[in-house]
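Only a predicted model underlies this, so the values are computations on that prediction, with no experimental measurement involved. Proteins get letters first, then strands, A, B, ... in listed order; numbering begins at 1 in each. Atoms considered below: every heavy atom in the structure, side chains included; atoms not considered: hydrogens, waters and symmetry mates.
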Amino acid sequence: MKKYSGFSLFKHSLSHHENWQAAWRSPQPKKEYDVIIVGGGGHGLATAYYLAKVHGITNVAVLEKGYLGGGNTARNTTIVRSNYLWDEASKLYDHSLDLWKDLSQDLNYNVMFSQRGVLNLGHNLQDMRDIERRVNANRLNGIDGVVLNTAEVKEIVPIINDSQDIRYPVLGASWQATGGVARHDAVAWGFARGADSFGVDLIQQCEVLDIVTEEGAVVGVKTNQGFIGAKKVACVTAGNSGVMAAMVGLRLPIESRPLQALVSEPIKPIIDTVVMSNAVHAYVSQSDKGDLVIGAGTDSYNGYGQRGSFNIVEHTMSAICELFPMFSRVRMNRAWGGIVDTCPDACPIISKTSVKGLFFNCGWGTGGFKATPGSGNVFAHTLAHDEAHPLAAPFSIDRFSTGHLIDEHGAAGVAH
Amino acid sequence: MTNVDTSTSMESPLHHRVAHTNAANAGVVMKEDKFRGQLNLRGNPQDAAFTSAVEKVLGVALPMAPSSSVRNGDTVVYWLCPNEWLLIVASGTQGQVEADLRSAMDGQHIAVTDISSGQTLVNLSGTGVAELMQKSTVYDCHDSNFPVGKVVQTTFAKTGTTMCKLEDGSYDLVIRRSFSDYFFLWLQDASDEYGLSVS
Amino acid sequence: MIRINCPYCGEREHSEFTYGEDATRTTPDNDAPMEEWNKFVYERDNPAGEHIEYWHHAFGCRAWLKVQRNTITHDISWVGLPHENPEAAS
Amino acid sequence: MSGFRHGAGRLGDAQLNFTFDGKPMLARAGDTVASALLANGVEVVGRSFKYHRPRGVTSSGPEEAGALVTIGAGGKADPNARATMEPVTQGLEVFSQNCFPSPKFDLMSVNGLAGAILPGSLFSAGFYYKTFMWPAALWYKFYEPSIRAAAGMGVPPKVADPDIYDRIQMFCDVAVVGGGSAGLSAALSASQSGLRVVIFDEHNDLGGQLLNEANSDQNADLEQWRKDTIAALEAADNVTVLARAVCWGRFDGNMLAAHQSVDGKVRQNYIKVQAKKIIIAAGAIERPLVFGNNDKPNVMLASAARRMLNHYGTATGKMLAVFTNNDSAYQTAFDYSDAGIKVSAVVDSRQYPSEALVDGCMSRGITLHTQAVVTEAKGWQAVRSIEIADLAANGQSVSNRRRVACDVLAHSGGWTPQVQMAAHGGKPPIYDKTIAAFVVGDQAPDTYSVGAAEGENGLLAGVAQALEAAKAACAELGGTAGAVTAPPQDRDGATNIVPLWSVPAKGKQLVDIQHDVTAADVVQSHSEGFVSVEHLKRYTTLGMANDQGRTSNVNALAIMAECRGVSIAEAGTTRFRAPIAPVSMGGFAGREIGKHFKPVRRTPMQEWHEKAGAVFVQAGMYMRPQYYPQAGETIDDAYERETEHVRKKVGICDVTSLGKIEIVGPDAAEFLDRVYINMFSTLKVGKARYGVMLREDGIVYDDGTTSRFAEDRFFMTTTTAKAGPVMAYLERCLEIDWPELKVRVSSVSERWGAMAVAGPDARATLTAAFPSVDFSNEAFPFMGVVHAEHNGAKLVILRISFSGEMAYEVYATSEHATDIWQTVVDAGQAYDIVPYGLETLGALRIEKGHVTGAELDGRVTLGDVHMDGMASKKKWFVGKNLKQREGMVHPDRPQLVGLKSVDPRTPISTGSILVTEANATAGADKQGWVSSMTYSPELGSFIALGFLRGGKDRIGERIYAAYPVKGKNVEVEVVSNHFVDPTNDRVKG
């Protein structure tokens with residue numbers, strides 16, 4: 001792998017940038033791999049990267065039916081934070097946040113991770129009580145966080161509407177300074193380039209048509225490029241997990257729904273942190289390019305159409321204009337929908353299944369992007385050792401039958 | 001109009017808004033038809049005993065066609081669902097009507113619920129109403145889709161309503177009591193460019 | 001916007017309705033084993049394609065409806081009452 | 001300066017004044033900002049996104065990627081406005097963007113210089129990802145801030161937008177998108193069927209390409225046809241003509257969305273049109289050619305240069321050159337020449353243009369260069385000359401470079417049909433070789449794509465398609481489209497294009513001139529493996545600017561296809577998504593902001609509370625009294641006073657917001673037995689009982705009191721938050737799960753105003769208020785229900801208590817509720833009755849250990865709140881099966897406990913975490929949390945309710961309520977949650 005640097009960029013500029021090598025190979029699938037990862041999104045590519053880097057397992061294929069990072073990795077609002085309520089969740093997301101910190105250097109790929117801080121606004125007394133409880137719990141988990149009052153929020157976001165006689169006045173917020181955003185596409189590309197450099201085969205336009213099992217154990221997958229063997233198959237197919245599970249007759253506690261987001265035209269810097277409000281369903285930050293990146297809610301009904309009900313966007317726009325009345329003249333430039341797999345307790349499933357050698361990493365709902373490195377990291381461990389990484393253990397699929405649920409509604413909300 | 005009970009002890013949901021200063025030649029005119037008796041009636045439309053009993057009490061047959069209504073002086077009946085109707089009767093008579101219905105249908109599996117004080121009847125008329133409706137409801141109010149006498153349950157801004165179009169092209173809207181103030185505030189804004197008059 | 005043809009009220013915009021849930025689940029007997037109840041409460045087919053589901057006409061006649069909708073195209077091929085079923089239910 | 005006024009075009013004579021960067025300028029009524037700026041000789045109107053290269057007007061429509069300006073100032077500042085779409089109004093202020101100090105001299109243009117000095121730019125595709133990584137710290141300190149400062153385009157307003165927006169819902173039978181010759185014809189024809197028709201056009205003047213035509217005598221009949229057709233549409237009362245309305249998206253169920261600019265009280269209407277049939281006549285957009293410095297001001301689309309002259313009476317230059325690979329651009333040269341403006345050259349990359357065109361040039365003395373290309377536009381800031389060269393037969397190289405003078409270069413790379421709206425219907429467009437562009441082909445249901453939007457550029461042929469579509473659409477709707485007169489002249493649509501995707505010569509060849517994406521960037525992303533069109537888009541940001549790639553996508557795809565050695569069809573397009581043009585957020589919000597963001601529901605007694613000086617707090621959609629402060633009281637003073645008073649004497653509280661449901665029918669009792677965990681069939685008529693509901697998964701759903709009015713008639717109350725959901729849930733159970741039950745439910749929440757009257761003097765107060773009712777313990781015992789009437793009001797009085805005191809809930813018909821409330825208050829004067837709010841309600845119930853939403857947060861089991869005993873063993877009920885799961889009954893689950901400050905005056909903050917060690921720090925073993933707290937006047941101590949791991953068996957233990965956020969750490973004693981009157985004597989007294 002040729003190293004990227006300011007110098008290499010300069011050097012290539014002398015040759016009209018005509019000699020850059022490909023970021024990754026485009027190999028033909030082998031007959032058999034040690035591990036097949038289904039899904040070339042951020043989580044799948046991160047899993048492959050850590051399998052190779054941490055566990056030395058490099059005979060790995062990532063099968064992507066479209067193009068790398070083309071699913072939810074390409075369709076989210078890129079928010080990274082770890083201030084969840086319950087220990088299980090906050091520890092997992094914080095593990096991820098730790099990995100984010102040096103990810104650009106680790107991958108030799110600038111994922112533009114930017115710790116500009118995340119505000120979760122509170123609009124009524126119960127909001128504030130929940131925020132205080134959550135931040136207190138975070139602090140006792142070693143996660144940074146403070147509770148701000150209206151004036152302190154206004155200091156961080158001077159343009160926010162701090163009037164107290166609006167319908168949902170800003171009473172305060174939780175503030176995680178170490179949270180932030182990243183360049184979502186670059187995360188997938190960086191992990192892809194990294195995994196490829198360890199010899200992992202990234203196979204695009206390769207759709208898995210069936211998961212093949214013998215005596216209750218996985219032996220490989222049937223794809224549009226033929227059969228590919230593997231004793232371990234890991235499904236990391238957000239937005240398609242139910243469909244994958246059905247291939248082996250499994251049914252998951254998951255429903256798939258569109259989650260919408262949109263960006264404005266590029267404007268000069270006006271908001272340099274992430275502002276989230278579960279109560280009014282609005283999430284906004286400004287990208288380095290200058291776009292306002294705005295997240296809306298999920299549809300109330302199942303959908304796989306990568307486009308959602310427009311009422312949701314209308315509601316979010318009202319909320320944005322309520323919080324930031326000057327944005328009403330700013331224009332929406334692009335809007336899209338991603339398909340999120342949501343579990344009843346708003347927590348993911350990182351788990352073995354009743355089928356030997358078949359693993360699932362899914363159900364991240366609206367919050368999967370922030371978990372990308374952590375998810376890949378603990379899932380790689382789970383695949384390598386055939387048993388759950390300690391941080392992944394609570395997210396086993398068994399929790400639904402035992403009743404040991406981790407209800408992150410509220411903390412997760414429709415948070416991105 | 002109906003014989004409104006002027007007893008000072010009663011307050012209509014919009015009583016605090018009638019003092020609103022009226023715009024000259026307003027494009028939207030709102031009238032609250034206060035204190036009308038309103039009953040929710042549930043029963044089996046296939047049951048002749050039921051339908052005839054109701055007809056005896058009300059003096060009109062229950063409307064059976066979806067989204068239809070019947071009128072007889074102060075008595076109006078809205079079809080809400082195949083087994084549900086809204087009876088709007090003269091102010092103060094709802095108690096008697098309820099009692100009569102109960103005795104007329106004794107032993108039948110029906111439900112009569114007095115909801116008079118829970119909602120109010122508002123009439124919207126004027127040259128601006130058509131546009132106002134386009135801003136306020138997701139229902140197509142064009143005569144070709146919403147003829148006179150039709151009853152439509154739908155959304156109005158961010159609350160719900162049951163509305164009926166009258167001969168004069170105006171609309172009767174049933175509005176829930178706790179939302180009626182919001183309804184008014186919305187009306188005030190949405191009819192800004194036409195001018196609003198309230199009585 | 002999705003429009004649902006309510007058998008009582010006619011075709012209406014979906015903002016008049018609230019989504020209920022998957023209508024293909026069958027409730028276990030009251031004394032069925034817990035495993036069965038677990039599957040019933042949590043597991044879903046969650047198909048990409050034809051889906052039979054309940055909707056509540058909350059801002060209309062308040063009837064609960066059974067709807068066959070394609071979850072990819074959002075095309076609605078059938079609407080009925082809770083105890084009816086589409087002929088071509090797939 | 002090169003542009004100037006030349007002729008009248010179609011504009012009025014009225015003169016308007018406007019300013020550009022403060023400089024006063026003149027315009028005519030009907031000018032766009034773009035035409036006016038050109039007429040005033042302005043060439044450079046802004047700077048580009050990445051390299052800050054000079055930018056000028058490049059088009060005359062929505063595809064404008066060069067002339068982005070800020071219109072207006074202060075709260076009305078409108079950044080990134082497309083100069084070609086903004087009409088000039090008297091006094092309009094226009095500002096250049098993305099340049100400092102001025103568009104002509106911009107300091108940031110060093111970005112561009114770096115590009116100019118080095119053969120290839122430092123800011124090549126994906127450059128962000130390859131650098132700025134060392135040292136890591138600098139990313140935050142320096143690199144990223146610099147990138148942010150340089151990026152972005154217009155400066156957004158910092159103060160609130162003062163304007164109003166409306167959301168409008170329309171319905172029609174036939175919607176026509178586009179008001180050109182095809183759209184106008186389709187709309188008029190359809191309207192004659194009597195069906196409802198809506199037609200959109202984003203321009204102020206309808207007519208589409210007709211407006212490019214010279215407004216001359218030989219075109220008089222054509223112009224008249226345009227005017228007559230528009231007039232006929234405006235006269236028809238079944239037609240809605242929406243000008244200045246950009247139709248930007250098509251959604252499920254044939255819904256079209258548009259933003260319309262209007263003058264008056266409202267700035268914009270966000271219009272949703274529910275159509276039965278959709279005719280898309282959105283026209284086509286001219287494509288630029290890709291050659292050196294093709295982004296330089298005064299390089300402009302040929303059709304735009306033509307419209308500027310013929311419609312806006314603005315000559316774009318004093319000497320015009322034309323560069324084309326197809327026929328359509330020749331007319332621009334001819335019109336300029338005929339208007340007496342010098343045309344120095346027509347450069348055609350094709351070998352054999354048609355004879356007619358050759359003659360046209362010769363007769364006008366225009367030099368025609370065939371099999372030739374423009375290799376580079378020259379000039380410091382705007383075009384002053386061009387370098388042209390001969391193109392090798394194989395198209396791979398050039399020779400014989402030479403200079404041609406000109407101050408405006410009009411170019412045409414062919415035409416791109418506007419397929420976006422049709423594509424939103426779900427069908428991917430297909431590539432049509434003959435016009436070298438994508439067309440819709442396979443139409444989506446109920447959709448007809450016609451005219452130039454479907455690749456038919458011929459005037460009469462396009463109109464014919466439109467009329468066919470109108471006929472078919474009306475027929476399917478049972479109508480008959482009318483016959484309309486066709487345009488009196490034709491225009492040949494054949495462009496005879498020979499594709500030229502990029503000129504084979506070095507130099508900065510822009511593909512996306514707004515995002516500064518060059519042909520080299522496309523080639524580079526190919527060599528780096530970003531070959532899928534979606535990767536190309538994301539890696540280079542091509543087509544992501546606010547022109548939505550309208551002018552750049554096809555060129556880029558073609559270049560990528562060449563690199564990959566596949567056909568353009570194979571390379572495919574990116575997915576088309578709404579909006580096709582940027583639209584204001586304010587439009588979506590409409591008026592649903594401020595007090596309309598979410599309704600405030602009011603109880604009948606709302607005014608009374610307001611007059612009494614109550615402080616209000618959100619409770620669901622209601623604003624409920626939080627407390628009633630007396631002079632100088634803090635919230636704590638007030639609720640402590642109110643609480644103490646209720647315990648000692650009597651108070652009254654508005655509880656109207658509770659949900660109220662009537663449940664009627666022979667099976668009503670059986671129904672309740674199924675939805676509640678406890679038994680209701682055994683409830684006696686005239687009695688009330690507290691009930692709890694579970695979700696199917698065994699989690700506590702809601703609680704409330706249900707009374708039996710008659711054998712077959714119950715009255716249920718729910719919590720405020722669950723009023724709606726429980727009603728829908730009960731309906732669901734009856735219609736879906738248990739249709740065999742003969743039960744009918746109706747919501748009576750709005751019918752009853754409700755008030756709680758609590759305290760030792762409650763009985764005396766109510767006895768005085770309602771003499772007709774016997775409130776004696778014998779006649780009206782605890783959990784008793786009494787019906788009464790008072791002064792015309794119907795009353796239901798329940799003897800139930802949430803406060804632990806002797807208490808009653810009085811339900812009065814809403815229209816009488818305030819009168820009844822006042823009656824009770826008057827009667828209570830003898831006992832100094834006080835109104836109390838939610839704070840006191842909370843204090844009282846906490847002292848009593850009752851749970852509310854703060855505890856029942858959708859996560860707790862019956863065991864967690866010690867209600868397992870209530871669950872009937874004799875019957876099945878919803879949630880019974882799964883509440884038994886091991887994890888739901890685990891002894892280590894956090895369970896409800898009371899907490900008492902060891903130091904009575906130290907508050908226990910809600911949201912504290914329960915730990916066993918003092919001064920807990922990171923890593924502490926969290927054993928629970930505090931859900932609600934209050935000061936208890938009766939106990940003279942701060943107390944709280946909380947959940948503690950295995951709490952049931954930990955009474956008496958001393959632990960800590962940690963609140964690291966404020967560095968607080970309070971020692972508390974674990975006690976029973978029943979602080980006050982645990983034996984419940986008071987309520988029965």
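Using modelled atom types and a 3.5 Å distance limit, the side chains of Thr402(A) and Glu886(D) yield no donor-acceptor pair.
Contact of Ser287(A) with chain D is made through the backbone alone, with heavy-atom distances under 4.5 Å. For Ser401(A), the part lying under 4.5 angstrom from a heavy atom of chain D is the backbone only. Both the backbone and the side chain of Asp288(A) come within contact range of chain D, with heavy atoms under 4.5 Å apart. Only the side chain of Arg183(A) comes within contact range of chain D, judged by heavy atoms closer than 4.5 Å. Contacts between Phe7(A) and chain D at a heavy-atom distance below 4.5 Å are absent for every atom of the residue.
When each of Ala257(D), Pro157(D), Pro579(D), Ala125(D) is checked for heavy-atom pairs under 4.5 Å with chain A, Pro579(D) comes out on top. With respect to chain A, the highest number of heavy-atom pairs below 4.5 Å among Ile913(D), Ile593(D), Val583(D) belongs to Val583(D). Taking Glu534(D), Lys158(D), Lys595(D), His535(D) one by one and counting their heavy-atom pairs under 4.5 Å with chain A, the maximum is reached by His535(D). For the options Ser8(A), Pro269(A), Gly69(A), heavy-atom pairs under 4.5 Å to chain D are most numerous at Pro269(A).
Take Ser264(A) and apply the side-chain contact (heavy atoms from CB on, under 4.5 Å) test, not counting sequence neighbours, and it matches Leu292(A), Val330(A), Met585(D).
The heavy-atom pair separating Ala924(D) from Val915(D) by the smallest distance is CB-CG1, 4.3 Å.
Within the 3.5 Å criterion, the main-chain N or O of Leu68(A) finds a donor-acceptor partner in the side chain of Gln204(A).
Lys130(D) forms a cation-pi arrangement with Trp20(A), by the criterion of a distance under 6.0 Å to the ring centre and an angle within 45° of the ring axis. In this structure, Arg133(A) is positioned above the aromatic face of Trp86(A), its NZ or CZ under 6.0 Å from the six-membered ring centre and within 45° of the axis.
Ring centroid separation for the pair Phe588(D) and Tyr165(D) does not come in under the 6.0 Å cut-off.
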